[in-house]
Every structure is written in C-alpha cells, then in structure tokens.
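As structure tokens, the structure follows; a few thoughts come after it.
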Amino acid sequence: MNFKSILNSISGFNRRERGKHKELRKVLRASLDLRREGRSHEVDDMLNNFVDTKLEIDEVVLSKFLGQQGGDIVAAWCTQLAYELVDTLEFRRKLLRAFGEDTYSIEYPIPKNWQLTLTNSGFKVNHRKCDRLWYLFCLRKWWKGIFLCLEVAFEPKINDGDIVREIENGRSWAFFADLRLNCITKKRNNSPSYNLRSWFQEYLPTDEVFTAGGRRLSSSECQHNGVLYSKSGLLSLRGVNHRISFFFTSIVAALECLLRSRSNTYQLLVFQEYAMLKKASVQLNEHLPKSIYFSNTSYLVRPLWTFLAEQRSSKVVLYYYSTNNERFGDKTEKERLYPAYRLIAWRNLMVWNERQSTVFKSAISVDIHCEVVGSIWFEDCPEALKENSSIDIAIFDVTPLRSSWYRTMCPPQDYYIAENGILFLEQIVAVCRHLNVTPSMKYKRPPSMDRRLDRRYLNSVAKMVSSGDLKLLAPEQSAQHYIKSAKMVISRPFTSTA
C-alpha cells in the first residue's frame, strides 16, 4: 500500500466519522426539541402503535407442533421478535431524525404492516428498502435455524450423563437458562455466596436438581462447581435413528419454509425455532425439566419450545433479578410503562414485591401469576471479600451514561446524568467529611465493561478517591455482602438496591 492510498483511507474514515457526528447532532437536536415542546413521550407512543398493529401472519410450518393455539402463539412470537428490532437505540435515532427532518425517509427492517403504521403517522418511509432489509433479516434467522438443526443432529451425549442418572433415580430437575459463571460459583473461603444458585437452594422449597445452561457457560465450568449442565434445557437425541430422522425432516422443513417465504416471510423467521421444537416434541415427559427458568434479561421473546414443554407438564417461569422495570414520567401524566410489556407471553413470573406484581398485572394483557419471593440474587464473585472490617457507609450508585446515548431514549427528565450523579456523591462526601467518616461506594458494574459511561462522572469519582474522601468497593461482588456489613446504606433512587 503506497502513501497516497493510506491518505485516501484515512480521509475516507474521517468523512465517515464526520457523517456519524453530524447525524448524532441532528438526533440530539430533535430529542431536545421534543422535550421543550413537551412531546418526549411521542417516541414511546409510536412504539405503542406498533404493539397495537397486528401483524398479518398466515399459517406457518411450525404451528402444528403447538396444537390448536399454535397459530396464535407463533403470531405473538413473530410480533415479539419484530418488536425487539424496533425497540433499539438505532431505530429510536431514526425516529428522532424523522421527527426533526420532514424530508428524512426511514430505512429499517420492519414488517409491511408497521411500515404502513409509520406512513399513517406522517413519517416518510422507503418501503422498497424496508421490505428488502426485512427479508434479509428473516433470511439470516433461517440460516441460524439451519445451523441449529445441524448442532442438534450431531451434538454429543456426554453432557446429559449426569441428568439421565438423576432421572433414572427418580429425581426431577430445574433448568436455568442463559446463566454466567458468577451465577453458580461458591466463595473460596466458605463465606456466604449471594448468587442465583445459592438463592435457589435457600429459598425455593423444592427437591429439583439445579441445572444451568447458557452461551457464556461451559460444561467444564459447571462440573468444576458441582452443577449439572444442559446447554439448552433439553436432552440430546437418543439413538442414531432419531438423529438421522431429525436431520432429514429438518432439511424438508427448511426447504418448505424457503419456498413458501415468497408469499410469507414469517416462514423464514420462525424456522430458527424448528430445531428446539422438534427436539422437545420427541422427549418423554419425564425427560423434560420439571421447572424452566428464564431471567428478565430475555424477558420479551419466549422460546416456542417452552410452550410445548408447558403443555407437557413443565412449569415455565420468568424471574426478575432486578426491580428496574418502570420508565420515568412526570406528575401530570399517568404511570407510563414500557410498551414491550404488553407483548409478554409468559404466564408465571417471580417478582420481588407487591409493587412489581401490580405493575406487571396492569401492563400485561394476558392472565399471569406473579409470585412474590423477595430479592432474587443473581451474580456474585467467587473471590473472597477484600474488606476485612465492617464498612461505615456503603453507597450504591447508578453510573450515568453519556448524554449522546441517554437523551436518544427520550426521557421526560434528565435523571441518570453525570451532573446529578456527581451532586449525589458530593453532598454525601461533604456530610461524611463533617462527621469524620469515609464512605465507600460500589459501582453497579465495573466501569471497564461499558464504554458508554460518562467520563465526567468517572473522573469525579477518581478525584474523590485520590483525595481520600471516598473508598471504592469491588463492583464484581454482590451488593448483599456490603448491605449486611455496613452500618448505613445510601442508595441512588430507582435502582434495585433501593
């Protein structure tokens, strides 16, 4: 590469960066204009319109697995998946640009019905580009289904050995999906561990065997910590004949979905669920988990195979390991809930308190059962606590994000911003200095994990620490350790520790 080509590539990169900054300025300007006019809620109102607009979904191949209500279940699932696409920072920024520029045309992978909803609301939409992007999105999901089918057909049976032995001994098992290592580890010095595994063993009155799975968890990690591992919550296919049959029926189903996608793109979209649905359909009832638990991290799109498991006697639960589930409003408007909650298809929820239960029951259109269980522990670092003595004052913060990210969410008021966070700490530090006490603060998450955090806030905290006015607690440790050992706890409002 010669010097001229290097200069051209650098100038091209700079042009792209300038273009991104220019677009972001337009988005932020539109967000501030909406707030000044008292219209910050209109972005969420548009998302509510999507929820109210029913997608026209014809019969798809997978509906037959789920009985008489299969068509309705699959239609709701497609709506949830489509909503996940629009409930993103990228789409919110496109909406804001459309609010601020009359000539701006939205280009985004959304279904035809929702394109018409945007048009009827006064937005310009490039329908041809949106249709093409939507088809490509569905096609990617179809390819994902192909790889999942291959994975199921050729997966080893090694990881099922311990679970099968428990089943043969008459034991039932509970499967927890999408866990991380810190959800199952024990403390190395035999001190209490406040993670999901400990909570399950201490607070759930059941004799079910704790089983964990997830993309960020391996069989060896589970084995090292004495936990049964199941990647998906379903046992591997038994016998060569079952695997050969599954492989060929998957090929037929994949081709059928592809051929029928010209008139119904949802055929492609739902094929990613085929492997798990087919796998669940051949399991014996006693080989299914007695209880299946998903966390609020994946609260919206419920896997289709869990409906089949529920029909076959399994209990499917969505549990909330936090209480941060309401959006801000002001005194003049009614309580505003996230539009996505109206699409939830879970029937059993585990929540912290009656307030959380009331919020969900008022938002979710279907009949749900909310079980109030108190605070649910989730992650805890296996390392021993570094703080040997008791803590005078423990502070729990909500680390603010950069304004360029936060304001594109169109909150009615600026609450989670650096200025408020710095003021919150400065006032506590001033009082503690007068009392000759040094407070200790725990970040909600390690700052190194998120590049979106506001540097002004992080720099202010660093200055307080270097001056001796503040101590930092390990963010990887569960908040329960510090709550139990501190003489006083101060939590930023509207977070789970409060």
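- Under a 3.5 Å cut-off, the side chain of R128 and the backbone N or O of N126 do not form any donor-acceptor pair.
- In terms of heavy atoms, F137 sits closest to P109 at CB-CB, 4.3 Å.
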Legend entry - Verdict with reasoning, N195 to S198, per side-chain hydrogen bond (donor to acceptor under 3.5 Å, both in side chains): CA-CA 5 Å; N195 59 19; S198 302; 3.1 Å; yes
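- Remark: the backbone N or O of E208 is paired with a side-chain donor or acceptor of T206 at under 3.5 angstrom.
- The backbone N or O of V359 lies less than 3.5 Å from a partner atom in the side chain of S362, making a donor-acceptor pair.
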Inset, instruction - Carefully, step by step, assess I417 and Y457 under the rule side-chain contact (heavy atoms from CB on, under 4.5 Å). - result: CA-CA 9 Å; I417 58 175; Y457 178 80; over 6 Å; no
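- A salt bridge does not link K144 to E273: none of the charged side-chain nitrogens sits closer than 4.0 Å to a carboxylate oxygen.
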Inset, instruction - Please step through ring-ring contact (aromatic ring centres under 6.0 Å, His included) for the pair F378 and Y194, ending with a clear verdict. - result: CA-CA 7 Å; F378 193 62; Y194 298 104; over 10 Å; no
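- Closest of all the heavy-atom pairs between W352 and V372 is O-CG1, 3.3 Å.
- Using cut-offs of 30° and 60° on the angle between ring planes, the pair F271 and W142 is tilted.
- T249 contributes a side-chain N or O that, together with a main-chain N or O of S245, makes up a donor-acceptor pair within less than 3.5 Å.
- By the 30° and 60° cut-offs, the orientation of the rings of W305 relative to F175 is tilted.
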Inset, instruction - Tell me, with the steps shown, if D52 and R342 meet salt bridge (Lys or Arg N to Asp or Glu O under 4.0 Å). - result: CA-CA 9 Å; D52 294 330; R342 294 166 53 204; 2.2 Å; yes
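- Salt bridge annotation for E379-R180: present, with a cationic side-chain nitrogen under 4.0 angstrom from a carboxylate oxygen.
- Of the possible polar contacts, one joining the S314 side chain to the P289 backbone as a donor-acceptor pair under 3.5 Å is found.
- Among the candidates T79, N113, D87, T117, the single residue satisfying the side chain to side chain contact (heavy atoms under 4.5 Å, CB included) test with F50 is T117.
- The backbone N or O of S478 sits less than 3.5 Å from a side-chain atom of D380, completing a donor-acceptor pair.
- When atom types are taken as modelled, the side chain of N420 and the backbone of Y416 share no donor-acceptor pair closer than 3.5 angstrom.
- Ring geometry, W346 versus F294: the interplanar angle falls from 30° to 60°, so the pair is classed tilted.
- Judged by distance alone, the side chain of Y266 and the main-chain N or O of C138 form no donor-acceptor pair under 3.5 Å.
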Inset, instruction - Show your working on side-chain hydrogen bond (donor to acceptor under 3.5 Å, both in side chains) between T265 and W134 and close with a plain yes or no. - result: CA-CA 9 Å; T265 55; W134 172 250; 3.1 Å; yes
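- Using cut-offs of 30° and 60° for the angle between ring planes, the W377 and Y203 rings count as perpendicular.
- Between the side chain of R243 and the main chain of A153, a donor-acceptor pair closer than 3.5 Å is present.
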Inset, instruction - Go through the steps to decide whether L228 and F210 satisfy the test side-chain contact (heavy atoms from CB on, under 4.5 Å), and finish with yes or no. - result: CA-CA 7 Å; L228 295 189; F210 181 90; over 6 Å; no
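- Between K278 and S281, the shortest heavy-atom contact is O-OG, 2.6 Å.
- When all heavy atoms of F307 and A345 are compared, the pair lying nearest together is CZ-CB, 3.9 Å.
- A salt bridge is absent between D367 and R347: the closest approach of a Lys/Arg side-chain nitrogen to an acidic carboxylate oxygen does not fall below 4.0 angstrom.
- Minimum interatomic distance between L237 and E155 (heavy atoms only, all atoms of both residues): N-OE2, 4.4 Å.
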Legend entry - salt bridge (Lys or Arg N to Asp or Glu O under 4.0 Å) between E286 and R171, worked out: CA-CA 9 Å; E286 59 268 24; R171 298 286 301 277; over 6 Å; no
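- A salt bridge links E42 and R39; the closest N-O separation between the charged side-chain nitrogens and carboxylate oxygens is under 4.0 Å.
- Residue pairs that meet the salt bridge (charged side-chain N to carboxylate O under 4.0 Å, His left out) test with at least one member in residues 60-81, sequence neighbours left out, do not exist here.
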Legend entry - Test log, rule side-chain hydrogen bond (donor to acceptor under 3.5 Å, both in side chains), inputs Y229 and S218: CA-CA 8 Å; Y229 174 80; S218 68; over 6 Å; no
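- A salt bridge does not link D207 to K290: none of the charged nitrogens lies less than 4.0 Å from a carboxylate oxygen.
- Put simply, the side chain of T119 gets close to the backbone of Q115: a donor and an acceptor are under 3.5 Å apart.
- Ring geometry for F360 against Y320 counts as tilted: the plane angle lies between 30° and 60°, on a 0 to 90° scale.
- For D102, the CG atom counts as loosely surrounded, since its 6.0 Å shell holds 12 or fewer non-hydrogen atoms of other residues, nucleotides or ligands.
- No more than 12 heavy atoms of other residues, nucleotides or ligands lie within 6.0 Å of CD in Q69, so this atom counts as exposed by the packing criterion.
- Between Y108 and F91, the ring-plane angle classifies as tilted under the 30° and 60° cut-offs.
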